[in-house]
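Numbers for residues simply follow the sequence, beginning at 1. Computation of the quantities below employed the complete heavy-atom set of this structure, encompassing side-chain atoms and omitting hydrogens, waters and symmetry-equivalent molecules.
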Amino acid sequence: QVQLVESGGGLVQPGESLRLSCAASGFTLDDYYIGWFRQAPGKEREGVSCISSSTGNTDYADSVKGRFTISRDHVDNGPNTVYLQMNTLKPEDTAVYYCVGTYIATMPRGCPTGYDFWGQGTQVTVSS
């Protein structure tokens, strides 16, 4: 079955950087998306970014554009790792970040609206 395991969260100061990793395994079809969601206390869950497995197409929420970059290490018939490089972090980026995945054909733009697979989450705290 699909497994998504996040790592890399922690406590940083405003303006600093952090890189999250998601070890993804168990996908049996070629077309799927892996993305990142986040949820802050008392706030709704927010889609942050996504990447297509087949084309590498990416998209970002307006709140992180220009600061966050999603990328992947793709291994044929093997586990993949998706990264979320987060630069110029702000206190409002504080949240639990979840790696997510779903089977869907590559879209010309945008991210899937729903995901079938979720990781356990990793805490990111931005505070001075």
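The structure places SG of Cys22 at 13.5 Å from CZ of Arg72, a figure rounded to the nearest 0.5 Å. Here Trp36 contributes atom CH2 and Cys99 contributes atom SG; the two are 5.0 Å apart, rounded to the nearest 0.5 Å. Between the CG atom in Leu11 and the CG atom in Leu18 there is a gap of 9.5 Å [rounded to 0.5 Å]. Rounding to the nearest 0.5 Å gives a distance of 12.0 Å between OH of Tyr32 and OG1 of Thr102.
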Decide side-chain contact (heavy atoms from CB on, under 4.5 Å) for Ser49 and Leu84; before the verdict, give the C-alpha distance in whole Å, the side-chain angles of both, and the deciding distance to 0.1 Å.
CA-CA 8 Å; Ser49 182; Leu84 186 68; 4.2 Å; yes
I would like to know whether Met86 and Asp93 meet side-chain contact (heavy atoms from CB on, under 4.5 Å); could you show each step before the answer?
CA-CA 9 Å; Met86 305 184 293; Asp93 294 318; over 6 Å; no
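Ring geometry for Phe117 versus Phe27: interplanar angle over 60°, hence perpendicular rather than tilted (30 to 60°).
Between the side chain of Asp59 and the backbone N or O of Gly110 there is at least one donor-acceptor pair closer than 3.5 Å.
In the model, Tyr83 has no side-chain atom that pairs as donor or acceptor with a side-chain atom of Thr69 under 3.5 Å.
Within a 6.0 Å sphere centred on CD of Gln120, heavy atoms belonging to other residues, nucleotides or ligands number more than 12. The 12-atom threshold is exceeded at NZ of Lys65, counting heavy atoms of other residues, nucleotides or ligands nearer than 6.0 Å.
Evaluation of the ring pair (Phe, Tyr, Trp, His ring centres under 6.0 Å) rule for Phe37 yields Tyr115, Trp118 as partners, not counting sequence neighbours.
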